Amino acid sequence: MKNWKRMLLSLTVSVGLLASAVPAMAAPQETSVKVNDQAVQYATGAPILEKGTTLVPLRTTLDAMDVKLTTATDDTITAVVDGRTITLKSKLTRIDGVTYAPIRIVGDAAGYEVRWDSSTRTVLLVSKGGDTETVQTGGRGFMWEVEKNGNTVYLVGSMHVADESFYPLRPEFEEAFAEADYLGVEVDISTATDEQQKMVLDLGTYQDGTTLKDHISSETYASLGKLLKENGIEPDAFDTFKPWVVEITLGGLKSVDGGYEASEGVDLYFIQKAVQRKIPVIELESYESQLGMFNNFSKELQEETLKSTIDNFDVLDTSLNQMAEMWKTGDDEQLLELTNSFSDNEEYNKAMLVDRNIGMADKIDGYLKNGKGEEYFIVVGAAHYLGEHGIVELLEDKGYTVERK
């Protein structure tokens, strides 16, 4: 039981970072869009679910929402909503000459509630202030507050992949964020560049002429091939990739099947709001540090986590549902149990939680001590906060009082 918990946390901690960078090996999944119950008709292109994000043809979708597109570059959208100009930061995708953008980003910015009907695979855009009978209420989540000499830091626990049932967030989140001078995240995943994607490929693929089957046991390789074939993917599709990339890609594909997307993640939600508010987004880590951590896992650990993903593939969506429920109920006891399960493997626990938590706690300590009377809204994976080596206890060891909100 502890093995799948540890593997699942690996997915939730990392998939938000890697969903836009690790190549997905399955075909994009089609979906549909409705604006106030009216189906959007796409003459060219079609909405797709790809790499954990729902992408829609940008111009047609904006037209359906009565939003006028002004310009769209590689990572910036300018549009006019109700007579006011808005600017969004989001990496755009070109497919067969059509520009695609994440649906949540454009829907939120245009003033719509963005919902997901998993039974029909339909994105529902509903005007705010209209019929709200079916609006789902989010959950309690995880948030703590720390104060020092006029500085305030809010600590928010994220799930990097989520679905519409997480939103709207409870007012305490929105109120704290509204007063923040800075947003802090592990990595600003909205700024992924070709260079960072190249970094994944350089680190995550074999450069010496060997392939995956040369680095894992024949039993694990056979199990992987069988799983891929059962899911309509060629058994050797992952041969050029290292085990850590294969593990995360499999987990990402399964999370999409379960309706969980990186574009719905709590950290990305606040990144987009920070862009709209034009407040700085600061990174507590980096692409290099996170990718390097996975790449530096021992050969034995990489195979162990891959094998765990393969063995538990059929229950991953159920496990994600359980984890989502834990987040929405804000269950500290379950979160602590999950975090403590990492202690089974010293290498994994030290790299994933201990070392990273120390680094993040030290940065938060610096924010609290700068004496500038500022407010910071910090959003990192929920599993980083609790336990003996968690950020909360590390800050308390430094003399701070950390209050659960």
Side-chain angles (χ1 to χ4, degrees), residues 2-26 51-52 187 192 195-256 285-316 319 341-356:
K2 289 183 178 180
N3 281 341
W4 75 257
K5 285 185 177 181
R6 176 153 49 77
M7 176 277 303
L8 181 57
L9 187 53
S10 169
L11 166 64
T12 57
V13 167
S14 61
V15 75
L17 165 69
L18 297 173
S20 62
V22 176
M25 298 303 170
K51 301 178 185 178
V187 175
E195 179 181 349
Q196 286 151 347
Q197 293 188 30
K198 182 177 183 298
M199 190 187 309
V200 175
L201 294 177
D202 287 345
L203 288 175
T205 59
Y206 293 107
Q207 309 291 328
D208 58 1
T210 62
T211 64
L212 179 65
K213 62 184 176 182
D214 298 315
H215 296 269
I216 59 177
S217 69
S218 57
E219 292 80 10
T220 300
Y221 185 77
S223 296
L224 173 63
K226 182 174 181 291
L227 175 64
L228 294 177
K229 187 174 181 180
E230 289 172 350
N231 286 272
I233 304 173
E234 290 297 321
D236 61 354
F238 290 92
D239 274 10
T240 59
F241 295 97
K242 295 178 181 178
W244 65 268
V245 177
V246 181
E247 174 213 341
I248 293 170
T249 303
L250 286 176
L253 295 175
K254 192 63 171 179
S255 71
V256 170
E285 299 184 300
S286 67
Y287 276 88
E288 291 85 350
S289 66
Q290 287 205 0
L291 293 176
M293 175 191 67
F294 287 108
N295 194 54
N296 288 332
F297 281 157
S298 67
K299 177 180 178 179
E300 292 76 19
L301 179 56
Q302 288 194 42
E303 177 163 2
E304 179 188 343
T305 54
L306 173 58
K307 186 176 186 302
S308 182
T309 302
I310 296 169
D311 292 345
N312 294 283
F313 190 76
D314 289 340
V315 299
L316 273 181
S319 302
S341 70
F342 276 76
S343 60
D344 282 359
N345 187 296
E346 182 178 355
E347 178 189 358
Y348 195 95
N349 186 59
K350 184 176 186 302
M352 184 65 78
L353 291 180
V354 177
D355 292 344
R356 294 175 66 200

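If you read the sequence from its start, that first residue is 1, and numbering goes on from there. This structure is a prediction, so every number in the text was calculated from the model and none was measured.
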Phe238/Lys213 under side chain to side chain contact (heavy atoms under 4.5 Å, CB included): CA gap, chis, key distance, verdict: CA-CA 10 Å; Phe238 290 92; Lys213 62 184 176 182; over 6 Å; no

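- Under the rule for a side-chain contact (heavy atoms from CB on, under 4.5 Å), the partners of Asp202 that lie at least two apart in sequence or sit in another chain are Lys198.
- Applying the side chain to side chain donor-acceptor pair (under 3.5 Å) rule to Glu300 yields no partners; only residues at least two apart in sequence or on another chain are considered.
- At least one donor-acceptor pair under 3.5 Å links the side chain of Thr309 to the backbone N or O of Thr305.
- How far CZ of Phe294 is from OG of Ser289: 10.5 Å, rounded to the nearest 0.5 Å.
- Remark: Lys226 engages Glu230 in a side chain to side chain donor-acceptor pair (under 3.5 Å) (not counting sequence neighbours).
- Under the side chain to side chain donor-acceptor pair (under 3.5 Å) criterion, Asp311 pairs with Lys307, not counting sequence neighbours.
- Applying the salt bridge (Lys or Arg N to Asp or Glu O under 4.0 Å) rule to Asp355 yields the partners Lys350; only residues at least two apart in sequence or on another chain are considered.
- The 12-atom threshold is not exceeded at CD of Glu346, counting heavy atoms of other residues, nucleotides or ligands nearer than 6.0 Å.
- Under the side-chain hydrogen bond (donor to acceptor under 3.5 Å, both in side chains) test applied with Tyr221, the options Asp214, Asp236, Asp239, Thr211 reduce to a single match, Asp239.
- Note that the CG atom of Leu224 and the CG atom of Leu306 stand 6.0 Å from one another [nearest 0.5 Å].
- When all heavy atoms are compared, the tightest approach of Pro243 to Gln302 is CD-OE1, 3.3 Å.
- Residues forming a side-chain contact (heavy atoms from CB on, under 4.5 Å) with Asn295 (at least two apart in sequence, or on another chain): Leu203, Lys242, Trp244.
- The salt bridge (Lys or Arg N to Asp or Glu O under 4.0 Å) test applied to Lys229 returns no partner, not counting sequence neighbours.
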Let me see the working for Asn231 and Phe313 under side chain to side chain contact (heavy atoms under 4.5 Å, CB included), right down to the final yes or no. CA-CA 11 Å; Asn231 286 272; Phe313 190 76; 3.9 Å; yes

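- Residues meeting the side-chain contact (heavy atoms from CB on, under 4.5 Å) test with Glu303, sequence neighbours left out: Ile216, Ser217, Thr220.
- For the atom pair Ile310 CD1 and Leu228 CG, the distance stands at 8.0 Å (nearest 0.5 Å).
- Within the structure, salt bridge (Lys or Arg N to Asp or Glu O under 4.0 Å) contacts touching residues 285-297 (residues at least two apart or in different chains) are Glu285-Arg356.
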Between Leu212 and Phe241, does the side chain to side chain contact (heavy atoms under 4.5 Å, CB included) criterion hold? Intermediate values first, please. CA-CA 6 Å; Leu212 179 65; Phe241 295 97; over 6 Å; no

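- Taking the side-chain contact (heavy atoms from CB on, under 4.5 Å) definition, one finds that Glu347 meets it with Phe297, Ser298, Leu301, Asn345, sequence neighbours left out.
- In this structure, Thr205 contributes its side chain and Leu201 its backbone to a donor-acceptor pair below 3.5 Å.
- Considering OG1 of Thr210 and OH of Tyr206, their distance stands at 6.0 Å, rounded to 0.5 Å.
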